[in-house]
Amino acid sequence: MARHLITSALPYINGIKHLGNMVGSMLPADVYARFLRQTGREALYICATDEHGTPAELAAKEAGLPVDTFCAQQHDAQKAIYDGFGLSFDYFGRSSSPENREITQHFARQLQKNGFIEERSIRQVYSLADGRFLPDRYIVGTCPHCGYDKARGDQCENCTRVLDPTDLIDARSAISGSSDLEVRETKHLFLLQSKLQGEVEAWIDEHGKDWPVLASSIARKWLTEGLNDRAITRDLDWGVPVPADTWPELAAEGKVFYVWFDAPVEYIGATKEWADQDPANRDWKSWWYEAEDVRYTQFMAKDNVPFHTVMFPATELGTREPWKTVDYVKAFNWLTYYGGKFSTSQKRGIFTDAALEVLPADYWRYFLIANAPESDDSSFTWEHFAATVNKDLADTLGNFVNRVLSFSRKRFGDEVPAGLEEGEAEAQLGHQIAELLAEYERHMEELQFRKAAQALRALWSAGNSYLETKAPWLEIKTNPEGAALTLRTAMNLIHLYAIVSEPFIPASAAAMRSAFQLEADNATWVTQDEARSLTFVPAGTPFTVPPVLFAKITEDDLAAYRERFGGGEETAV
């Protein structure tokens, strides 16, 4: 059986991420990792903060802190939020780690040895006001392709086109704002991607045929346009240094590797960080080097796709070493906020720390995955969010759990009632639940998250339909033993929901499961036979009624959210 390696795009260090970042990488990766673990697969979920590059230096400068201190604080702040969202990383590392420095420098030496790195003199923007060369992200201006006036020197945030600083119109320094710039000669290392194009094309032909259209189309677009040799060093104070044993002159000048060269290597570096915590029991190389039994899945938003499907594979292939390359790229479109882009730089939308202040994580987890921007962009509105929470979580799942347990305790006490043997209605329910569970599993295996959410919702709805059909509040008047059967069956559904809902809503799933005081409750998943029989919770099992799982979002709540975060006109929930 294959081992599963899962990575999500590294969140950048320069501030708390918004919900678009969450749904575009880390959250779906977590849902998938949880599902794999529950269904008996060995899975390793690795992520880290991306700490090098211009924005880190600029953010540290703005905060009045040394960049290493700033990054350490921000790493801890981001990790606390991801813990709050219930993200089950096996390890959450840092790209500034010694492990990443060591492996990045190794990759560079191997590429140099194999003729895929070349030292070139280039003409680079120099700021007279700042007295220094400006790396690409230290330069802002107007994008020549779409006219966006806050484009960076490496990529336009608006149209996602990759740029060179000299492409920008009305360029200016991001440090001082000065447009007193000139172009001077300096030396940098270039990754000769042009020499690797054929190999990358062959690799994508083999590995990319089953990727989502979004991922494969972006990768092939880059290949069609042709791979250009790319500078992989920068003039910065913070980054993985160019090794002096290979490039003494550049090392003496303080050159560091480009963040997009070392950041993907941090997937490997973070795995080594994980292993170094327990070297007697963890082997990082078995996941990355000659790892033929590993299936590697990456999660990312569409703007990260080119670097992960072209540049990093080219880097790995060029080492001429058997490093594990990605098997499946799950790419996402944008989550928008009332039709406009979430933006860290412009502070537009809902940020993850504020989201957790407003409502518990499971509300956000479910909504985001149920509306994941898979085939196209999806829009967050408070109205849509409230409608989803109220209908699916509060009414369909939460109300089912509460009324079943509350009614049973009121009429039969604090133990699961016995009642009659299962009849035709229970047999039909079991068959339906087994079919819906198989559908849910299929969509999860295929990483179709919106469809998986629909199947999970259908599982919850099946319980409500059964309850409405059997109507134990009426049945108990004439057939108490029949009502007991209905409630016992419904309680088994609650336990089943607790297990299969965990990837989406782990905290709520734990609350549902802990309602039953079972002596041995070690089931991790539900088989088809178990789904049909619904006998997890036998008669006589003590139970409690948990607090309300999901509170409804009211009109007053909506008004408060809109006032705090902005949004559209007030409409009914």
Side-chain angles (χ1 to χ4, degrees), residues 1-10 29 32-33 36-37 41-48 50 52 89-117 191-193 195-196 199-200 202-208 211 232 240 243 245-246 257 260-300 307-330:
M1 182 181 291
R3 296 180 294 150
H4 289 263
L5 176 64
I6 299 166
T7 63
S8 53
L10 309 186
Y32 184 55
L36 290 174
R37 295 185 195 114
R41 270 73 67 86
E42 184 178 0
L44 184 68
Y45 178 20
I46 295 292
C47 193
D50 181 3
H52 294 140
F89 304 119
D90 287 284
Y91 191 77
F92 186 72
R94 301 181 60 189
S95 69
S96 60
S97 68
E99 288 88 347
N100 192 45
R101 181 170 61 249
E102 172 192 341
I103 298 170
T104 297
Q105 291 178 340
H106 170 80
F107 268 55
R109 291 188 188 99
Q110 288 299 115
L111 290 162
Q112 166 76 359
K113 173 184 172 184
N114 296 322
F116 295 119
I117 287 182
L191 176 64
L192 305 184
Q193 294 184 136
K195 293 176 67 173
L196 289 159
E199 293 180 50
V200 175
W203 177 82
I204 288 179
D205 286 342
E206 179 183 354
H207 291 80
W211 294 353
I232 58 168
V240 174
D245 59 6
T246 310
F257 285 107
W260 264 114
F261 184 75
D262 82 84
V265 179
E266 168 59 7
Y267 297 129
I268 307 172
T271 309
K272 190 173 190 301
E273 293 170 52
W274 164 78
D276 286 348
Q277 290 189 330
D278 186 10
N281 297 300
R282 298 174 180 174
D283 178 11
W284 70 273
K285 265 198 167 182
S286 74
W287 290 93
W288 284 103
Y289 199 85
E290 296 180 333
E292 280 131 17
D293 65 329
V294 171
R295 177 170 173 79
Y296 178 21
T297 306
Q298 290 178 341
F299 292 80
M300 70 199 67
F307 300 100
H308 288 80
T309 60
V310 176
M311 185 173 178
F312 187 46
T315 299
E316 290 184 289
L317 293 169
T319 66
R320 299 298 188 242
E321 294 177 328
W323 293 101
K324 179 64 185 176
T325 57
V326 65
D327 293 298
Y328 193 83
V329 177
K330 178 63 176 179

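Heavy-atom basis, side chains included; hydrogens, waters and symmetry copies ignored. Source: prediction; values computed, not measured. The first residue in the sequence is number 1, and the count goes up from there.
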State whether the side chain of K195 and the backbone N or O of G115 hold a donor-acceptor pair below 3.5 Å, judged by distance alone.
-> yes
What's the spacing between L111 CG and T246 OG1 if we round to 0.5 Å?
-> 11.5 Å
Taking C-beta and beyond as the side chain, do Q298 and Y267 meet within less than 4.5 Å on heavy atoms?
-> yes
Scanning both residues in full, the closest heavy-atom pair of H4 with A2 reads CD2-O, 3.6 Å
Any side-chain heavy atom of I103 sitting closer than 4.5 Å to one from W284?
-> yes
About how many Å separate CD of E273 and CZ of R94, when rounded to the nearest 0.5 Å?
-> 9.0 Å
Nearest heavy-atom contact between A108 and F257 is CB-CZ, 3.4 Å
Find out whether E199 and P313 are in side-chain contact, i.e. whether some heavy atom of one side chain is under 4.5 Å from a heavy atom of the other.
-> no
Just how far is it from atom CD1 of I268 to atom CZ of F312, taken to the nearest 0.5 Å?
-> 4.5 Å
Answer yes if the ring centres of W288 and Y296 are under 6.0 angstrom apart, and no otherwise.
-> yes
Distance from Q112 atom CD to T319 atom OG1, nearest 0.5 Å?
-> 14.0 Å
What pairs of residues pass the salt bridge (charged side-chain N to carboxylate O under 4.0 Å, His left out) test when at least one of them lies in residues 282-294, not counting sequence neighbours?
-> R3-D293
K330 vs Y32, side chain to side chain contact (heavy atoms under 4.5 Å, CB included): CA-CA, chis, key distance, verdict | CA-CA 11 Å; K330 178 63 176 179; Y32 184 55; over 6 Å; no
Kindly state each residue pair satisfying salt bridge (charged side-chain N to carboxylate O under 4.0 Å, His left out) with at least one member in residues 96-110, sequence neighbours excluded.
-> R109-D245
Tell me yes or no: between the side chains of H106 and E321, is some donor less than 3.5 Å from an acceptor?
-> yes
For D90 and A43, the nearest pair of non-hydrogen atoms, with its separation, is OD2-O, 3.5 Å
Closest heavy-atom contact between N114 and G318?
-> ND2-O, 3.0 Å
D50 side chain to L10 main-chain N or O, any donor-acceptor pair under 3.5 Å?
-> no
Evaluate the criterion side chain to side chain contact (heavy atoms under 4.5 Å, CB included) for residue pair Q193 and M311; output intermediate values, then yes/no.
-> CA-CA 8 Å; Q193 294 184 136; M311 185 173 178; 3.4 Å; yes
Specify the closest pair of heavy atoms between F89 and S8, including all atoms of both residues, with the distance to one decimal.
-> CE2-OG, 4.4 Å
Is the gap between the ring centers of H308 and W260 under 6.0 Å?
-> yes
Are any of the side-chain heavy atoms of I232 and T315 separated by less than 4.5 Å?
-> no
For residues W274 and L44, determine if any side-chain heavy atom of one lies less than 4.5 Å from a side-chain heavy atom of the other.
-> yes
Report the distance from atom OH of Y45 to atom CZ of F299, rounding to the nearest 0.5 Å.
-> 8.0 Å
Residue pair A291 / S286: nearest heavy atoms and the distance that separates them | CB-O, 3.3 Å
Straight-line distance of D276 CG to Y91 OH, nearest 0.5 Å = 8.5 Å
Exactly one of V326, L196, V310 clears side chain to side chain contact (heavy atoms under 4.5 Å, CB included) with W203, and that residue is V326
Are Q110 and R320 side-chain neighbours, meaning at least one heavy-atom pair lies under 4.5 Å?
-> no
All salt bridge (charged side-chain N to carboxylate O under 4.0 Å, His left out) counterparts of R295, not counting sequence neighbours = none
